[in-house]
Amino acid sequence: MGSHRRLAPSGFDRGAGAAVSILSVTAAALGAVPSAAAPYDDTRATVDRLYEQAEKATEAYNEADERADELRAEVGTVRDRIARQQERVNSMRESLGSLAGAQYRSGGIDPSLALLFSDDPDDYLDHASRLDRLTARQAGELRELQGAMRELAQDREEAAEKLRELETSRKAVAAHKKTVEHKLATAGRLLSSLPDAERDAYGRASRSGRPGMPDLGGATAASGRGSAAVAAARSALGKPYVWGANGPTGFDCSGLMQWSYAQAGVSLPRTSQAQRYAGRQVPLSEARPGDLVVYRGDASHVGMYMGNGQVIHAPYPGAPVRYDPVGMMPVSSVTRV
């Protein structure tokens, strides 16, 4: 996805009327109107840039969504802990209440035990040394209650903080989703504005799957898990690109890598940026099947090396999972999982 899919200028007629129509759509997408009518190749270049920007936003969406999932699990864990701690506090209060009742029946309740049912037993404990009827058992149980209530308060604050962070992550997910959808919708409108012949040419050159199996040479994966991931990636050939998806019926670029390695029993991070550091980095000249090839300086695209200068990847919307040359766009790193 991106600049590697730009086509050579077309020989089709670029009449002034059609060019002005295309120009108006392109200007609306970019917020600027050039002084001359934009030729069709400029429109296609704009579409490529929009797809690249959408992919960057998709990876940001994946990261925020992954963090939201983690936070939901963490909130659930803290809530379970709060429930258990509340049960403990209630049980301790009951125990001390029984002690107070027995004391009352035997000659009157100690005034200090009235503090038992307060939400803050600290004051009681701070002055415990002055209470001449406080038994060792009472003191011990109240101190234990004090500790349990402090833990309960800390757990509740932790849950509140995680919920605040979860809300922030949810907002980020929504913002990135909106960005992706806007970029893709704009790209779709630009493609629709092209004459049929130009649109078909764009589709044949940059959006159709590669026919047949390329010559992958005799290279083998560096490990059994790499070999299993290669087999999984091959099984996904022809599946559609679906942004935000990690299989099995559709994939975005990092989702395909995550799913392929999951079939090999390896858990990869969700985003291409994180996958970049999921193993040992090796030079491109030493790449072997199964290695992750990360593209662009911001690591916003990733594919799997298959041998003989070929990768399998999920390119962008409308293009199926397919083979492409490893040099289709600037390589930033190669990671061996």
Exercise. Y316 and W243: aromatic ring centres closer than 6.0 Å?
Worked result: no
Exercise. Of the non-hydrogen atoms in R225 and A264, which two are nearest, and what is the gap between them?
Worked result: O-CB, 3.3 Å
Exercise. Please walk me through it: do R276 and D298 pass salt bridge (Lys or Arg N to Asp or Glu O under 4.0 Å)?
Worked result: CA-CA 10 Å; R276 181 181 203 168; D298 60 1; over 6 Å; no
Exercise. Would a 4.5 Å heavy-atom cut-off, applied to side chains only, mark L292 and V337 as touching?
Worked result: yes
For this session: Considering non-hydrogen atoms only, spot the tightest contact between R322 and P315 and give its length.
Result: NE-CG, 3.6 Å
For this session: Please say which of K56, R296, E59, E55 ends up in a side chain to side chain donor-acceptor pair (under 3.5 Å) with H301.
Result: E55
Exercise. Should E161 and R164 count as an ion pair when the cut-off is N to O under 4.0 Å?
Worked result: yes
Exercise. Which atom names give the shortest non-hydrogen contact between L166 and A68, and what distance separates them?
Worked result: CD1-O, 3.5 Å
Problem set entry | Test applied, side-chain contact (heavy atoms from CB on, under 4.5 Å); reference residue, D291; option that passes from V282, V230, V311 | V282
Problem set entry | Which atom of N246 lies closest to which atom of W259, heavy atoms considered | O-CB, 3.5 Å
Exercise. Is it true that atom CZ of R81 has more than 12 heavy atoms of other residues, nucleotides or ligands lying nearer than 6.0 Å?
Worked result: yes
Exercise. Is it true that R67 and E74 have a side-chain N and a carboxylate O under 4.0 angstrom from each other?
Worked result: yes
For this session: Go through Y295 and V331 one step at a time and tell me if the side chain to side chain contact (heavy atoms under 4.5 Å, CB included) criterion holds.
Result: CA-CA 4 Å; Y295 293 93; V331 174; 3.5 Å; yes
For this session: Walk me through it: do T335 and R280 pass the test side chain to side chain donor-acceptor pair (under 3.5 Å)?
Result: CA-CA 5 Å; T335 300; R280 178 172 61 92; over 6 Å; no
Problem set entry | Approximate separation, where rounding is to 0.5 Å, of Y61 OH and T271 OG1 | 14.0 Å
